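Here is the structure we will look at.
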Amino acid sequence: MTKKLIRIEGLVVLVLGTYLYFSNGYNWAVFLLLLMLPDLSMIGYVVSNKTGAYAYNFAHTFVTPLLLLLLGLAFSVDFLMMIGFIWMVHIGMDRMMGFGLKYEMDFKDTHIQRL
């Protein structure tokens, strides 16, 4: 049941974030160009599992994109809003597909399932 809830939650974030991004008139090309950017955090696994897990988890938690959205909204900075929405959509997409935050033991060990 928990896995299904996390996946449904991811779907909701994906759909809502995508809707809000495009309803603000932001660019398709930028969306597609930056959508997979958070996955560059996997490069940390070249150093070690611990470094990789920290880098990946930083790039795949909702805290930073939510802060970007709040700052963008508070100061009317569209660039921050765009990045925040794209980042949220990426995380939602990952959660919907069952990719979760990583444990330090192995890249395949996540808070949702073992990949």
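The structure presented is a predicted model; accordingly, all values stated were derived computationally and were not measured.
Between I83 and L34 the shortest side-chain heavy-atom distance falls below 4.5 Å. Here the side chains of L33 and N27 are not in contact, with every heavy-atom distance at 4.5 Å or above. In this structure, P65 and I91 have side chains that are in contact, with non-hydrogen atoms separated by less than 4.5 Å. Counting only heavy atoms from C-beta outward, the side chains of F58 and S41 never approach each other to under 4.5 Å.
Under the 4.5 Å side-chain contact rule for hydrophobic residues, L70 and M82 do not share a cluster. Cluster membership for L68 and V77, using ILVMFWY side-chain heavy atoms within less than 4.5 angstrom, is shared. No continuous path of ILVMFWY side-chain contacts below 4.5 Å connects L67 to W87, so the two sit in separate hydrophobic clusters. In terms of hydrophobic clustering, with Ile, Leu, Val, Met, Phe, Trp and Tyr side chains grouped at heavy-atom distances under 4.5 Å, L32 and Y19 are assigned to a common cluster.
One distance of note links CZ of R7 with OG1 of T2; it measures 12.5 Å at 0.5 Å rounding. We find the CG-CG distance between L20 and L16 to be 4.5 Å, quoted to the nearest 0.5 Å. Expressed to the nearest 0.5 Å, how far CE of M81 lies from CG of L71 amounts to 10.5 Å. For the atom pair CG (L14) and CE (M93), the distance works out to 7.5 Å, reported to the nearest 0.5 Å. Between the CD1 atom in I8 and the CE atom in M96 there is a gap of 12.0 Å [rounded to 0.5 Å]. Between atom CG of residue L69 and atom CZ of residue F85 there is a gap of 5.0 Å, rounded to the nearest 0.5 Å.
Annotation: side chain to side chain contact (heavy atoms under 4.5 Å, CB included) contacts of F31 (sequence neighbours excluded): T18, Y21, F22, L35, I86, V89. Under the side chain to side chain donor-acceptor pair (under 3.5 Å) criterion, Y54 pairs with E104, not counting sequence neighbours.
Note on residues 60-82: pairs passing ring-ring contact (aromatic ring centres under 6.0 Å, His included), not counting sequence neighbours, are Y56-H60, H60-H90.
Of the possible donor and acceptor atoms, none in the side chain of T51 sits under 3.5 Å from a partner among the backbone N and O of V47. Here the side chain of N57 pairs no donor or acceptor atom with the backbone of L101 at under 3.5 angstrom.
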